[in-house]
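Just so it is clear, the values below take in all heavy atoms, side chains as well, and ignore hydrogens, waters and symmetry mates. Just follow the structure's listing: the first ligand is 1, and inside any ligand the first atom is 1.
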Amino acid sequence: MTRPTRVLIDLQALQSNFRRVRSAAPHSRIMAVVKSNGYGHGLIQVAKALPSADAFAVACLEEAMELREAGVQQTIVLLEGFFESQELESISRFDLELVVHHSSQLEVLEKVPLAKPVSVWLKIDTGMHRLGFMPENLPDVVERLEKCSNIAKPLRFLSHLACADDRDSNTTAKQLAKFIQVTKGLEGERSLANSAGLLAWPDTCLDWVRPGIMLYGASPLPGNTADDLGLQPVMTLASRLIAVKNCRRGDAVGYGGDWVCPEDMLIGVAAIGYGDGYPRHAPDTTPVLVNDQQVSLIGRVSMDMIVLDLHSQPTAKVGDSVQLWGPDLPVDDVARHAETIAYELFCGVTARVAVEVIEADKR
Ligand SMILES: *Cc1c(COP(=O)(O)O)cnc(C)c1O
């Protein structure tokens with residue numbers, strides 16, 4: 001037997017979540033965000049399972065080239081544009097679309113010779129204060145882009161929401177109002193909403209929505225479970241018990257020995273650890289499923305193993321199934337215990353974890 005640590009990717013669940021995006025934003029085009037290896041779900045298989053996505057968004061040229069080399073023909077948008085002027089030739093040749101967020105990029109675009117013009121999304125900072133031109137500089141920037149022969153017309157516009165996951169915050173309404181105000185009178189499509197925006201703030205959907213996390217079946221809204229929102233988990237992280245043993249009251253478990261058995265009890269060892277992407281900071285009490293029953297993590301997470309409290313499962317044995325997150329244990333619950341977010345857990349699954357796929361519906 002090889003090491004039983006597995007990630008299962010359910011592409012039918014992905015397709016169902018895509019349909020959920022369509023129903024939540026019926027009048028918008030969909031730019032499916034597949035950066036960071038499709039949030040850890042496999043860039044190419046994710047993209048191929050979404051033939052009706054209007055575009056894909058990635059973080060860098062390497063990710064875009066992987067898509068093109070795999071035969072993906074839809075529009076591909078580089079969310080941070082280019083980092084080096086040498087990238088522009090490939091960007092133009094492979095018909096990639098660019099986000100332009102900074103004057104340093106604009107200066108390069110005004111200088112380099114390009115065989116054909118590139119399509120540009122102009123990024124506006126409406127309040128997140130990460131990437132984007134400040135609204136007061138917009139008239140000047142638009143004028144320069146309009147004049148630049150390397151840039152296809154019409155321009156398009158995007159901005160990013162900082163607090164869309166907080167239904168009580170007034171930041172989203174302010175960002176939307178700002179975005180509408182500064183792009184008023186400018187020809188060209190507009191995009192603002194991420195997953196949280198498109199679910200909680202329908203007015204932000206505009207011409208294009210940019211869902212990421214909801215496609216993968218985690219909840220973008222802390223107050224709602226994925227299930228509440230009609231989303232299905234795409235990733236299951238699973239393993240098996242590789243040891244089961246009886247410990248005595250007072251026995252210390254794992255590195256540092258800081259977890260001590262409060263009574264005589266059965267413990268189990270599962271083949272999964274931070275070397276697979278399971279969060280090292282997950283505390284005891286973090287839920288894990290053994291044979292579909294919830295048990296708790298105990299002791300520190302090791303590189304290749306975790307230890308589980310099996311006192312509620314006296315018949316558990318070596319080879320029994322272990323689920324770290326998936327359909328029966330929401331990744332959002334695990335993330336909350338580990339004081340992180342599902343995004344990080346998804347992206348953190350490492351290359352040594354074997355991948356199995358439930359194939360997409362071909363219709
Ligand atoms: C990652 C990203 C998204 C997707 O966000 P989710 O919260 O995963 O839906 C959308 N837009 C931009 C600019 C991003 O960087």
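- The protein heavy atom nearest to atom 8 (O) of ligand 1 is Tyr39 OH, 2.6 Å.
- Between Glu263 and Arg249 there is no salt bridge, since none of the side-chain N atoms of the basic residue sits less than 4.0 Å from a carboxylate O of the acidic one.
- Between the side chains of Arg210 and His160, at least one donor N or O lies within less than 3.5 Å of an accepting N or O.
- Using bins of under 30°, 30° to 60° and over 60° for the plane-to-plane angle, the ring pair Tyr39/Tyr343 lands in the tilted bin.
- In this structure, atom 9 (O) of ligand 1 lies nearest to the protein heavy atom Ser195 OG, 2.5 Å.
- For Gly212, a nitrogen or oxygen atom sits less than 3.5 Å from a nitrogen or oxygen atom of ligand 1, counting backbone and side chain alike.
- Contact annotation for Ile213 and ligand 1: heavy atoms of both the backbone and the side chain come within less than 4.0 Å of the ligand.
- One finds a salt bridge joining Asp276 and Arg3 here, because a Lys/Arg side-chain nitrogen approaches an Asp/Glu carboxylate oxygen to under 4.0 Å.
- Taking Glu110 as the reference, Leu106, Arg144, Cys148 meet the side-chain contact (heavy atoms from CB on, under 4.5 Å) condition, with sequence neighbours excluded.
- One option in Arg210, Lys35, His160, Glu80 has a heavy atom closer to atom 15 (O) of ligand 1 than any other, and that option is Lys35.
- Among all non-hydrogen protein atoms, the one lying nearest atom 7 (O) of ligand 1 is Tyr343 OH, 2.7 Å.
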